[in-house]
Amino acid sequence: MEIHQVHRVDAPQARGIVIVIDVIRAFSVAAYALANGARALWLVREVEEAFALREREPEALLAGEVGGRLIPGFDFNNSPALMAKSEVRGLLLIQRTGAGTQGAVNAINATHLLLCSLVNARATAAYARSLAKTTDGVVTLMPTESFSEEGVQPQEDTICAEYLEALLREHPDPAEVLANGLERLRASGRLGIFERGYPDFPADDVPAFLAADRFSFAMVGQRERWNEIEYIAVQRVDIPPSSANTP
């Protein structure tokens, strides 16, 4: 297996089986939505595209953020804790965020597209391994976290990428790789915003998005187009426990 890593800003360079990673918080939200029975998600780049697609699908719900905060006219912000408590069974969600959905839609050269956060990392790795057996074995990990003004990169998506690579390469102790990464994350101050009482950053989000391997399903994306809008249609693919638990 040949494993590469590119950042969101270089999304068109990603090839093969592309795993787009957004832990805080887009693809944690997506996973909780699918776990609660949402029938699909559609990922878009722009707010206006989300509203246009809802005109096509009037029963759809809109989820996402600009600057981390609820978009006026959207049904959900970017909180996985809120999504975990929401009734979305059988519904379509249209999602727009500043990092995760951008990376997914811009990964135009992927042969297979998977969405990942910590909550479904092991299942995603298992699904990617199965795909690699029938392809050229190229896997690209794409952290979508943003760089700060000081050039210091928040660490959560890179930590998830490290964990995925350990799983894909059958590291003898991937749990240790993850534990070391989470220790760095907690020491970084990255989680502090969830302790300040902002309504769009509830403290309950932290245990929600750090619940590693909570879900045994992959999130599989398919590129679609309607009029001039290019979007990613995402479905849940359940992974047998025996597959998800190896190595």
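Excluded from the calculations below are hydrogen atoms, water molecules and symmetry mates; all remaining heavy atoms, backbone and side chain alike, are included. For this chain, numbers begin at 1 and follow the sequence in order.
In this structure, the separation between CD on Glu165 and CE on Met1 is 10.0 Å, given to the nearest 0.5 Å. Between atom CD of residue Glu48 and atom CG of residue Leu53 there is a gap of 12.0 Å, rounded to the nearest 0.5 Å. Going from atom CD1 of Ile17 over to atom NE2 of His112 covers 6.0 Å, rounded to the nearest 0.5 Å. Interatomic distance, Trp42 CH2 to Leu62 CG, rounded to the nearest 0.5 Å: 11.5 Å. Annotation: the span from Gln95 atom CD to Asp22 atom CG amounts to 8.0 Å, rounded to 0.5 Å. The distance from the CD atom of Gln155 to the CG atom of Leu182 is 10.5 Å, given to the nearest 0.5 Å.
Checking Val29, Leu41, Val234 one by one against Leu93, the side-chain contact (heavy atoms from CB on, under 4.5 Å) holds for a single residue, Leu41.
The closest side-chain heavy-atom distance from Arg223 to Ile108 is below 4.5 Å. Inter-residue side-chain proximity for Tyr231 and Leu43 is flagged as unmet; no heavy-atom pair is nearer than 4.5 Å. Within the 4.5 Å cutoff, side-chain heavy atoms of Trp226 are placed close to those of Arg56. No side-chain heavy atom of Thr111 sits under 4.5 Å from any side-chain heavy atom of Arg15. Proximity of Leu118 to Leu178: side-chain heavy atoms (C-beta onward) are separated by under 4.5 Å at one or more points. Residues Val105 and Val44 fail the side-chain proximity criterion, which asks for heavy atoms closer than 4.5 Å. With contacts defined as side-chain heavy-atom distances shorter than 4.5 Å, the pair Arg122/Pro174 qualifies. At least one side-chain heavy atom of Val18 sits under 4.5 Å from a side-chain heavy atom of Met142.
The two atoms that bring Ala166 and Val177 nearest to each other are CB-CG2, 4.0 Å, heavy atoms only. Minimum heavy-atom separation, Phe194 to Pro202: CD2-O, 3.5 Å. Counting all heavy atoms, side chain and backbone alike, Ala14 lies closest to Val6 at CB-CG2, 3.8 Å. The two residues Ala60 and Ile94 have their closest heavy-atom pair at CB-CD1, 3.8 Å. Residues Arg129 and Leu168 come closest through the heavy atom pair CG-CD2, 3.8 Å. Here the shortest heavy-atom pairing between Cys160 and Ser117 reads SG-C, 3.8 Å.
Residues passing the side chain to side chain contact (heavy atoms under 4.5 Å, CB included) test with Ala161 are Gln5, Ile21, Leu141, Pro143, sequence neighbours excluded. Every side chain to side chain contact (heavy atoms under 4.5 Å, CB included) that Gln235 has, sequence neighbours left out, goes to Ala40. For Glu224, the salt bridge (charged side-chain N to carboxylate O under 4.0 Å, His left out) test picks out no residue, with sequence neighbours left out.
Judged by distance alone, with hydrogens and angles left aside, the side-chain atoms of Asp173 form a donor-acceptor pair with the main-chain N or O of Glu176 at under 3.5 Å. Judged by distance alone, with hydrogens and angles left aside, the side-chain atoms of Arg89 form no donor-acceptor pair with the main-chain N or O of Gly37 at under 3.5 Å. Using a distance-only test at 3.5 Å, with no hydrogens or angles considered, a donor-acceptor pair links the side chain of Asn106 to the main chain of Gln102. Within the 3.5 Å criterion, the main-chain N or O of Val23 finds a donor-acceptor partner in the side chain of Ser28. Not one N or O on the side chain of Asn77 forms a donor-acceptor pair closer than 3.5 Å with the backbone of Ile71. Remark: the backbone N or O of Ala81 is paired with a side-chain donor or acceptor of Asp205 at under 3.5 angstrom.
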Quick one, Met219 with Leu114, criterion side chain to side chain contact (heavy atoms under 4.5 Å, CB included). Give me CA distance, side-chain angles, the key distance, then yes/no. CA-CA 6 Å; Met219 298 186 288; Leu114 308 179; over 6 Å; no
Working note: Leu113 + Ile232, criterion side chain to side chain contact (heavy atoms under 4.5 Å, CB included); need CA distance, chi angles, decisive distance, verdict. CA-CA 9 Å; Leu113 188 65; Ile232 303 298; 3.8 Å; yes
Would Leu191 and Leu210 satisfy side chain to side chain contact (heavy atoms under 4.5 Å, CB included), going step by step from the backbone distance to the final call? CA-CA 11 Å; Leu191 305 180; Leu210 293 185; 4.2 Å; yes
Verify side chain to side chain contact (heavy atoms under 4.5 Å, CB included) between Asn120 and Asp213, making sure each step is shown before the conclusion. CA-CA 5 Å; Asn120 74 325; Asp213 304 319; over 6 Å; no
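Ring centers of Phe27 and Tyr32: at least 6.0 Å apart, outside the cut-off. Aromatic ring centres of Tyr127 and Phe217 lie farther apart than the 6.0 Å criterion allows. Side-chain rings of Phe51 and Phe74 approach one another, their centers coming within less than 6.0 Å.
Salt bridge annotation for Arg54-Glu49: absent, with no cationic side-chain nitrogen under 4.0 angstrom from a carboxylate oxygen. Between Asp238 and Arg236 there is a salt bridge, since at least one side-chain N of the basic residue sits less than 4.0 Å from a carboxylate O of the acidic one. Between Glu65 and Arg69 there is no salt bridge, since none of the side-chain N atoms of the basic residue sits less than 4.0 Å from a carboxylate O of the acidic one. With respect to the salt-bridge test (charged N to carboxylate O, under 4.0 angstrom), the residues Arg45 and Glu230 qualify. One finds no salt bridge joining Arg190 and Glu145 here, because no Lys/Arg side-chain nitrogen approaches an Asp/Glu carboxylate oxygen to under 4.0 Å.
A cation-pi arrangement is present between Arg25 and Phe201, with the terminal nitrogen or guanidinium carbon under 6.0 Å from the aromatic centre and inside a 45° cone about the axis.
Residues Leu185 and Leu164 fall within the same hydrophobic cluster, defined by Ile, Leu, Val, Met, Phe, Trp and Tyr side chains chained together at heavy-atom separations under 4.5 Å.
The local environment of CD in Glu57 is crowded, with over 12 non-hydrogen atoms from other residues, nucleotides or ligands closer than 6.0 Å.
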